[in-house]
Each structure stands twice: as structure tokens, then as C-alpha cells.
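What you see below is based on every heavy atom in this structure, not just the backbone, and it leaves out hydrogens, waters and symmetry mates. Fair warning: this is a prediction, and the values are worked out from it, not measured in the lab.
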Amino acid sequence: MDSDYRMLPDLNRTVPVFIGHEPSCTAEDWLSTVDALAGINNWPVPYRLQFVKSNMANAVRS
């Protein structure tokens, strides 16, 4: 198992905050962007979950 993963600077500019009121196509695009970043950078699952949670706001974060 490869435990090497990378962090990119300014990820907040790459992935907008998800508030839960976006149209379904926007939500799918958001998830695809997060998944692509995680795959390219070999993020482990716990980091992926933390990144997703940190880029959510309002009730969707709960």
C-alpha cells in the first residue's frame, strides 16, 4: 500500500464551498472535482472525508 499523498496549495479556490442548495448537476460536478483531486493526489479516505467536510457549509455540513 502506498502511503504517499500530496497537498496542493489554495485548494479553497479549486473547490467551492457546498451549501446543499445547488442543483443536482452542480452537486455531481462538485463531487467529481473532489474525487479527481483526491485521486490525483493519492489522498487516503480519512483525508478525503475531512476535506469534504471542511468544504461544506450550513445544514449540509451536519
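The side chain to side chain contact (heavy atoms under 4.5 Å, CB included) check on Val52 picks up Trp30, Val34, Met56, with sequence neighbours excluded. Scanning for salt bridge (charged side-chain N to carboxylate O under 4.0 Å, His left out) contacts around Asp29 gives an empty result, with sequence neighbours left out. Applying the side chain to side chain contact (heavy atoms under 4.5 Å, CB included) criterion to Pro23, with sequence neighbours excluded, gives Cys25, Thr26. Every residue two or more places apart in sequence or in another chain that forms a side chain to side chain contact (heavy atoms under 4.5 Å, CB included) with Ala27 is listed here: Phe18. For Ile19, the side chain to side chain contact (heavy atoms under 4.5 Å, CB included) partners at least two apart in sequence or on another chain are Val17, His21, Glu22, Ala57, Asn58.
Going from atom CZ of Phe51 over to atom CG of Leu37 covers 6.0 Å, rounded to the nearest 0.5 Å.
Residue pairs meeting the salt bridge (Lys or Arg N to Asp or Glu O under 4.0 Å) criterion with at least one partner in residues 35-51, sequence neighbours excluded, are Asp35-Arg48.
Under the 4.5 Å side-chain heavy-atom criterion for grouping Ile, Leu, Val, Met, Phe, Trp and Tyr, Leu31 is not connected to Leu49 through any hydrophobic cluster.
Considering all non-hydrogen atoms of both residues, Asn55 and Val15 come closest at OD1-O, 3.6 Å.
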